[in-house]
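Inspection log for the structure reproduced underneath, given as structure tokens.
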Amino acid sequence: MSGNTLEISVTNDLRGISSAASRIDAFCTAHGLASGISFDVTLAVDELVTNTIGYGYDDDGEHRIDLALRVEGGALTVEIADDGRAFDPLQAPEPDMSAPMEDRAGGGLGIYLVRKTMDTVAYRRENGRNVVTLTKSAMPGEAS
């Protein structure tokens, strides 16, 4: 962690997510952000990285997923970059939340949660990498 920025790299192994979550929580705490902000950001990162690990790669090789968090101008920005197959989470259909659980199609709930908990979600494909940028209003001590 350096000032207003935190950079984390994990491999495509689910065991790395809890360590990243702990570092994100510590970063948010160090910047005086409300626990709700930390929870929302950690949830979003967990969902997106888990999806990348589970569905993003066509091989069993090791791949790096880079996370960069920055607190600036009253907002927390998170950038997640990976070299998995191209996937724009903004194109995923929203699940039918009005349907009974047993009638819902599988999948999509994690991305739905990301969209609902973050203020903005943006996607771009750059140099063979997926780059998802999340922002969350992050005034110190602000409730989520």
Side-chain angles (χ1 to χ4, degrees), residues 1-97 99 101 104-144:
M1 184 171 17
S2 172
N4 291 344
T5 304
L6 171 66
E7 294 181 355
I8 304 170
S9 287
V10 296
T11 61
N12 53 318
D13 183 332
L14 292 173
R15 294 174 290 195
I17 295 174
S18 65
S19 173
S22 295
R23 292 184 63 196
I24 291 168
D25 188 53
F27 179 77
C28 290
T29 299
H31 286 86
L33 304 180
S35 62
I37 292 171
S38 177
F39 178 84
D40 289 350
V41 169
T42 301
L43 172 71
V45 168
D46 185 304
E47 290 294 340
L48 292 171
V49 172
T50 297
N51 283 350
T52 298
I53 292 169
Y55 307 109
Y57 300 106
D58 295 321
D59 61 44
D60 292 328
E62 186 174 288
H63 296 268
R64 192 179 84 227
I65 302 167
D66 297 315
L67 311 171
L69 288 79
R70 183 177 61 255
V71 175
E72 185 175 65
L76 175 61
T77 302
V78 181
E79 189 172 275
I80 304 168
D82 66 75
D83 66 342
R85 75 174 69 95
F87 177 73
D88 180 352
L90 299 174
Q91 298 304 313
E94 286 199 15
D96 180 0
M97 300 304 286
M101 285 292 281
R104 292 184 198 166
L109 190 56
I111 292 171
Y112 172 80
L113 290 171
V114 170
R115 289 178 183 162
K116 292 299 178 191
T117 58
M118 295 294 102
D119 294 332
T120 64
V121 179
Y123 171 82
R124 69 184 186 277
R125 183 80 176 170
E126 184 175 276
N127 299 321
R129 293 174 63 83
N130 296 300
V131 181
V132 177
T133 304
L134 312 171
T135 59
K136 182 77 174 171
S137 176
M139 298 306 290
E142 180 179 294
S144 166

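Just so it is clear, the model here is predicted, and its values are computed rather than measured.
By the 4.5 Å heavy-atom criterion applied to side chains, Leu76 and Phe27 are counted as neighbours.
Panel note: side chain Lys136, backbone Thr117; a donor-acceptor pair is recorded below 3.5 Å. No donor-acceptor pair closer than 3.5 Å links the side chain of Asn130 to the backbone N or O of Ala81. Between the Arg115 side chain and the Pro89 main chain, a donor and an acceptor come within less than 3.5 Å of each other. Side chain of Asp58 to main chain of Gly84: no donor-acceptor pair is present (N/O by atom type, distance under 3.5 Å, no hydrogens or angles). A donor-acceptor pair is defined here as one N or O able to donate and one able to accept, closer than 3.5 Å; no such pair exists between the side chain of Asn12 and the backbone of Ile53. A donor-acceptor pair is defined here as one N or O able to donate and one able to accept, closer than 3.5 Å; such a pair exists between the side chain of Ser22 and the backbone of Ser18.
Here CG of Leu69 is found 6.0 Å from CD1 of Ile8. Values are rounded to the nearest 0.5 Å. To the nearest 0.5 Å, atoms CG (Leu90) and OH (Tyr123) are separated by 9.5 Å. For the atom pair Leu48 CG and Leu134 CG, the distance stands at 6.0 Å (nearest 0.5 Å). Distance check, rounded to the nearest 0.5 Å: CD of Glu47 to CD1 of Ile17 gives 9.0 Å. Lys116 NZ to Ile111 CD1: the interatomic distance, rounded to the nearest 0.5 Å, is 14.0 Å. In this structure, CD1 on Ile24 lies 11.5 Å from OG1 on Thr29, to the nearest 0.5 angstrom.
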Check: salt bridge (charged side-chain N to carboxylate O under 4.0 Å, His left out) between Asp82 and Arg64: does it pass, once the steps are laid out?
Finding: CA-CA 7 Å; Asp82 66 75; Arg64 192 179 84 227; over 6 Å; no

Next item on the list: Take Val45 and Leu67 through the side chain to side chain contact (heavy atoms under 4.5 Å, CB included) test and state the conclusion after the steps.
Entry: CA-CA 9 Å; Val45 168; Leu67 311 171; 4.0 Å; yes

Check: Does the pair His63 and Thr11 meet the rule for a side chain to side chain contact (heavy atoms under 4.5 Å, CB included), with working shown?
Finding: CA-CA 5 Å; His63 296 268; Thr11 61; over 6 Å; no

Item checked: Stepwise salt bridge (charged side-chain N to carboxylate O under 4.0 Å, His left out) test for Glu79 and Arg124 -> CA-CA 11 Å; Glu79 189 172 275; Arg124 69 184 186 277; 3.4 Å; yes

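A side chain to side chain contact (heavy atoms under 4.5 Å, CB included) with Thr77 is found for exactly one of Val71, Thr133, Val41, namely Thr133. Put simply, the residue from Val78, Thr135, Val132 that forms a side chain to side chain contact (heavy atoms under 4.5 Å, CB included) with Val121 is Val132.
Minimum heavy-atom separation, Ile37 to Ser137: CD1-O, 3.4 Å.
Of the charged side-chain nitrogens involved, none lies within less than 4.0 Å of a carboxylate oxygen, so that Asp25 and Arg23 do not count as a salt-bridged pair.
For Asp59, the CG atom sits in a packed shell: over 12 heavy atoms of surrounding residues, nucleotides or ligands are nearer than 6.0 Å. Within 6.0 Å of the OH atom in Tyr57, the count of heavy atoms belonging to other residues, nucleotides or ligands exceeds 12.
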